[in-house]
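Step one of this worksheet: look at the structure below.
For reference, positions follow the sequence shown, starting with 1.
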Amino acid sequence: MKTENYMPECIAVLGSTGSVGTQSLDVARRHNINIDLLTADKNVRQMEAQAREFSPKFCVMADENAAKELKLALADTSIKVLSGESGICEAVSRSSAVTVVNSILGEAGLMPTLAVLDSKKRLALSNKESLVIAGDIVMGRAKETGAEIIPVDSEHSAIFQSLSTSDKREIKKIILTASGGPFFGRTAEELKRVTLADTLAHPTWKMGAKITVDSASLMNKGFEVIEACHLFGVSASQIEVTVHRESIIHSAVEYIDNAVIAQMSVPDMRLCVQYALTYPQRTESPLEELDLFSLGKLTFARPDMQTFPLLALAYKAISEGGAMPAVLNAANEIAVAAFLQEKISFCEIFDTVGETFEEMSYAKGYTLLSDIRDSDREARRIAQKKIK
């Protein structure tokens, strides 16, 4: 069977000016895929350039002032410009795309995720926060509508590709790999002296600033543990995080017969995006081939969850359930934003998130979407008060 020309005719890219969003556009550009919806936060100049290249039906800016500016900039086109969360959800429902890439950053991606599922389109999910905040609700909605969720995160794409069974009883554990970030092997004392520039110097992946900080703190890996629990229907105790500095094995599945199946490739998010678009088929990609001879060896180590406590806190959050993962994410968004503005130190991210999490322990009993979103807002308020 020939698969090299299999591609969706039309897609939408939410968060198109971000790291995964721009790589999604690279895939679309390479394969001449039509795009009828683009969304971004505030970057009007970049969005205008994307709109003029791809000529979508809709462009949506999360920021209303940015939307007004974009509307003026695109006045000579037929592109409809909308704004805000409601505008994104409306455009998703009206889009003719068969697949929607959701690469919006943070909690802002949750309602668009639900809008994609309600429209019964395939969801190529890069916004892990949708599952961190409201995983049970998101997976339940997908089951109700029959919409597919194909993970785009490199680790979850690897797990998805390594699963050879639909029987969860055959899965012994998921091996979730982590690069370890720029501070692998550092002591707690050494972390007190790291700078913003040190933190943004990721050894392997090229990502946005927020995700790069989360990778350095291992919070990103904690979110991925929660995401994997929901995506693959396993318990947190079945997920083992392994530091793999080379970032060649992107994750693996161990079965009850002790066989381990892993997915390997050079680190490039375009492969993950393309596979989500073409699944269950594959097609040629721009990635270079994996040269095992030049690699020589692959290394593995256990994560230091005492020095990097947010990973352990993520395991606690998914264990307690309710709105606690949402609290964890909200507090972390506030703390990382403050760190990027150099208002707090790297280690104060741990303190801010941990203290907010403990203060809101009552939220473990919340399961309704409205209560979860209220907890998100309350966690942000509390976290912000802790920042001096």
Can you tell me how far apart [atom1] ([X]) and [atom2] ([Y]) are? Round to the nearest 0.5 Å.
X    : Y    : atom1 : atom2 : answer
I382 : E359 : CD1   : CD    : 4.5 Å
I175 : S251 : CD1   : OG    : 8.5 Å
K143 : L117 : NZ    : CG    : 14.5 Å
Q263 : C272 : CD    : SG    : 6.5 Å
N127 : L110 : CG    : CG    : 7.5 Å
L191 : S345 : CG    : OG    : 10.0 Å

In short, L131 meets H230 closest at the heavy-atom pair O-CD2, 3.3 Å
For the residue pair T199 and A216, what are the closest heavy atoms and their distance? CG2-CB, 3.7 Å
Can you confirm whether the side chains of [X] and [Y] place a donor and an acceptor under 3.5 Å from each other?
X    : Y    : result
Q161 : S157 : yes
H250 : S265 : yes
T195 : D198 : yes
Y315 : S237 : no

So, the side chain of [X] versus the backbone of [Y]: is there a donor-acceptor pair under 3.5 Å, distance only?
X    : Y    : value
K128 : N220 : no
N102 : I104 : yes
Q274 : E284 : yes
T39  : I88  : no
R186 : V194 : no
E224 : E155 : no
S103 : L14  : yes
D118 : A115 : no
S162 : V253 : no
R245 : S179 : yes

So, are [X] and [Y] salt-bridged, with charged N and O less than 4.0 Å apart?
X    : Y    : result
K210 : E333 : no
R373 : D376 : no
R52  : D76  : yes
K316 : E358 : yes

What I'd like to find out is whether the side chain of L200 reaches to under 4.5 Å of the side chain of L340, using heavy atoms alone.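 With C-beta onward as the side chain, the pair touches.
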Side-chain heavy-atom pair V243, T299 within 4.5 angstrom cut-off: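 In short, these two side chains do not touch, never coming nearer than 4.5 Å.
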With side chain to side chain contact (heavy atoms under 4.5 Å, CB included) as the test, pick out the partner of L114 among V138, L123, T145. V138
More than 12 heavy atoms from other groups under 6.0 Å of [atom1] on [X]:
X    : atom1 : answer
Q306 : CD    : no
K386 : NZ    : yes
E170 : CD    : yes
E64  : CD    : no

Check against salt bridge (charged side-chain N to carboxylate O under 4.0 Å, His left out), R29 and E53: CA-CA 10 Å; R29 191 178 291 116; E53 177 181 359; 2.6 Å; yes
Hphob cluster co-occupancy, [X] + [Y], side-chain heavy atoms under 4.5 angstrom:
X    : Y    : result
L271 : M264 : yes
L287 : L290 : yes
L369 : M139 : yes

Apply ring-ring contact (aromatic ring centres under 6.0 Å, His included) to residues F232 and F160 and explain how you reach the verdict. CA-CA 8 Å; F232 307 113; F160 184 75; 7.1 Å; no
With under 30° as parallel and over 60° as perpendicular, where do the rings of H244 and F300 fit, or are they tilted in between?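 Judged by the thresholds at 30° and 60°, the geometry between H244 and F300 is parallel.
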Could you check, using the six-membered ring where one of them is a Trp, whether F183 and F308 have ring centers closer than 6.0 angstrom? no
